[in-house]
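Since the structure comes first, as structure tokens, the remarks are kept for the end.
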Amino acid sequence: MFTQPENNGWVRTLARFGFAAKGLVYVLIGALSLQAAFSGGRTAGGREAVGVLGDQPFGQALLFIVGLGLLGYALWREVLALKDPGHVGNDAKGTAERVGWAVSGVISAGLALTAFQLALGRSSGGGDGSHTWVGKLMEQPFGGVLVGIAGLAVIGVAVQQFRKAMRSRFAKDLSTQAMSPPERTWVFRMARVGLVSRGVVFSIIGAALLKAAIAHDPGQSKGVREALSTVAESPFGTALLVLVAAGLCAYGVYMFFCTKYSKLAHPAA
């Protein structure tokens with residue numbers, strides 16, 4: 001049933017709806033962090049972005065819609081990981097990719113749960129939740145080692161984002177022949193800028209996980225919001241935060257393009 005999500009109507013619909021939801025979240029993360037850069041406020045992660053939706057007119061309905069979209073995106077990622085419609089294989093490289101997709105699905109499902117909790121008037125906690133899951137992982141046997149492995153994996157994802165941006169590897173997962181020349185130009189621009197910004201954020205998160213593993217201190221870990229705060233606190237921080245936050249907005253726009261042009265058999269980001 002799931003072996004070819006690109007040919008399965010309801011899975012395809014959920015996946016494309018999921019791109020739109022993810023795009024909205026990234027645009028909000030970028031916009032809120034741009035606001036922080038110019039006004040001196042706090043940067044934002046996924047939870048803060050979803051929380052903003054609840055403050056809008058018809059906020060409860062918006063939260064449910066975005067939550068469903070993120071849940072659809074999570075389901076699609078799990079289908080990719082389990083059924084491998086893109087035929088990445090079971091070798092070391094293919095397995096690493098599929099594990100990454102599965103983890104991405106779990107993260108999206110967690111954000112969907114946050115949206116549903118807020119829609120129902122329940123508190124979802126603060127921040128990106130990184131300290132919580134890192135702390136729980138460290139309580140397990142060899143927990144520090146597991147957190148270190150997670151850090152290396154996140155850094156690996158960051159490197160992958162940079163490579164996709166520089167070599168335009170995302171293009172093979174898009175129906176570029178269906179794009180008009182102006183659309184293709186903008187899709188490539190948004191994807192490259194967005195992937196570089198994600199690479200920066202994931203690099204900081206991965207390094208923080210390694211630091212937490214070495215210190216055996218969950219408090220050293222960072223989520224998206226804390227990673228953007230780290231950018232803001234660096235030399236030339238305001239200018240760098242503007243660039244990274246604008247890049248995350250660009251990634252969100254790229255996700256909107258993916259609702260129409262993704263081939264769905266393989267992630268385009």
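Values below: every heavy atom of this structure, side chains too, minus hydrogens, waters and symmetry copies. Starting from 1, each residue takes its place in the sequence as its number.
Applying the side-chain contact (heavy atoms from CB on, under 4.5 Å) test to Ala150 and every residue at least two apart in sequence or in another chain returns Trp133, Leu209. By the side-chain contact (heavy atoms from CB on, under 4.5 Å) test, Phe64 pairs with Gln60, Phe116, Ala119, Leu120, sequence neighbours left out. With sequence neighbours left out, Ile107 forms a side-chain contact (heavy atoms from CB on, under 4.5 Å) with Val103. Taking the side chain to side chain donor-acceptor pair (under 3.5 Å) definition, one finds that Thr176 meets it with nothing, sequence neighbours left out. For Thr230, the side chain to side chain donor-acceptor pair (under 3.5 Å) criterion is met by Lys222, not counting sequence neighbours. Residues satisfying the side-chain contact (heavy atoms from CB on, under 4.5 Å) test with Thr43, not counting sequence neighbours, are Ser33, Ala36, Arg225, Leu228, Ser229, Leu241. When the side chain to side chain donor-acceptor pair (under 3.5 Å) test is applied to Ser104, the partners found at least two apart in sequence or on another chain are Arg77.
Using a distance-only test at 3.5 Å, with no hydrogens or angles considered, a donor-acceptor pair links the side chain of Ser221 to the main chain of Pro218. Judged purely by atom type and a 3.5 angstrom limit, Glu48 uses its side chain to pair as donor or acceptor with the backbone of Gly45. A donor-acceptor contact shorter than 3.5 Å is absent between the side chain of Arg169 and the backbone of Gln161. Checked by atom type and distance alone, the side chain of Ser175 never pairs as donor or acceptor with a backbone atom of Gln177 at under 3.5 Å. In this structure a side-chain-to-backbone donor-acceptor pair under 3.5 Å is missing from Ser197 to Gly194. Panel note: side chain Thr114, backbone Gly110; a donor-acceptor pair is recorded below 3.5 Å.
Rounded to the nearest 0.5 angstrom, Leu63 CG and Phe58 CZ are separated by 13.5 Å. The structure places NZ of Lys164 at 10.0 Å from CZ of Phe170, a figure rounded to the nearest 0.5 Å. Going from atom CZ of Arg192 over to atom OG of Ser168 covers 3.5 Å, rounded to the nearest 0.5 Å. Considering CG of Leu75 and OG of Ser108, their distance stands at 11.0 Å, rounded to 0.5 Å. Taken from CZ in Arg167 to CG in Leu195, the straight-line distance is 14.0 Å, to the nearest 0.5 Å. Interatomic distance, CZ of Phe257 versus OG of Ser262, reported as 14.0 Å (0.5 Å rounding).
In this structure, Ile149 belongs to a hydrophobic cluster whose other members, linked by side-chain heavy atoms under 4.5 Å apart, are Phe142, Val145. In the hydrophobic clustering, Phe38 connects to Leu34, Val242, either directly or through intervening members, whenever side-chain heavy atoms lie under 4.5 Å apart. Listed by chain and number, the hydrophobic cluster partners of Ile214 come to none, as no ILVMFWY side chain reaches under 4.5 Å of it.
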(request) Any chance you could lay out the side chain to side chain contact (heavy atoms under 4.5 Å, CB included) test for Leu14 and Trp76, step after step, and finish with the verdict? (result) CA-CA 7 Å; Leu14 282 174; Trp76 172 62; over 6 Å; no

(request) Give the intermediate values and the outcome of side chain to side chain contact (heavy atoms under 4.5 Å, CB included) for residues Leu264 and Arg16. (result) CA-CA 8 Å; Leu264 298 182; Arg16 297 196 187 281; 3.7 Å; yes

(message) Set out, in order, the CA-CA distance, both residues' side-chain angles and the distance that settles side chain to side chain contact (heavy atoms under 4.5 Å, CB included) for Arg47 and Val224, then state yes or no.
(response) CA-CA 10 Å; Arg47 290 173 184 263; Val224 174; over 6 Å; no

(request) Apply side chain to side chain contact (heavy atoms under 4.5 Å, CB included) to the pair Leu174 and Cys258, showing each step before the final yes or no. (result) CA-CA 7 Å; Leu174 301 172; Cys258 286; 4.0 Å; yes

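Contacts classified as ring-ring contact (aromatic ring centres under 6.0 Å, His included) and involving residues 200-238 (residues at least two apart or in different chains) are not found.
In this structure, Ile65 is not a member of the same hydrophobic cluster as Leu113, with clusters built from ILVMFWY side-chain heavy atoms closer than 4.5 Å. Under the 4.5 Å side-chain heavy-atom criterion for Ile, Leu, Val, Met, Phe, Trp and Tyr, Val157 and Val106 are members of distinct hydrophobic clusters. Residues Val201 and Val193 do not share a hydrophobic cluster, clusters being chains of Ile/Leu/Val/Met/Phe/Trp/Tyr side chains in contact below 4.5 Å.
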Enumerate, atom names and distances included, each donor-acceptor pair closer than 3.5 Å involving a side-chain atom of residues 182-191, sequence neighbours excluded.
residue, atom, partner, partner atom, Å
Glu183, OE1, Ser180, N, 3.1
Glu183, OE1, Ser180, OG, 3.4
Glu183, OE1, Tyr261, OH, 2.7
Glu183, OE2, Tyr261, OH, 2.9
Thr185, OG1, Pro181, O, 3.1

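Of the candidates Val27, Ile29, Leu28, Ile29 is the only one forming a side-chain contact (heavy atoms from CB on, under 4.5 Å) with Val25. The ring-ring contact (aromatic ring centres under 6.0 Å, His included) test with Tyr26 singles out one residue from Tyr251, Phe19, Tyr73, and that residue is Tyr251. Partner Val147 forms a side-chain contact (heavy atoms from CB on, under 4.5 Å) with one of Asp217, Leu137, Leu210, Leu152 and no other, that one being Leu137.
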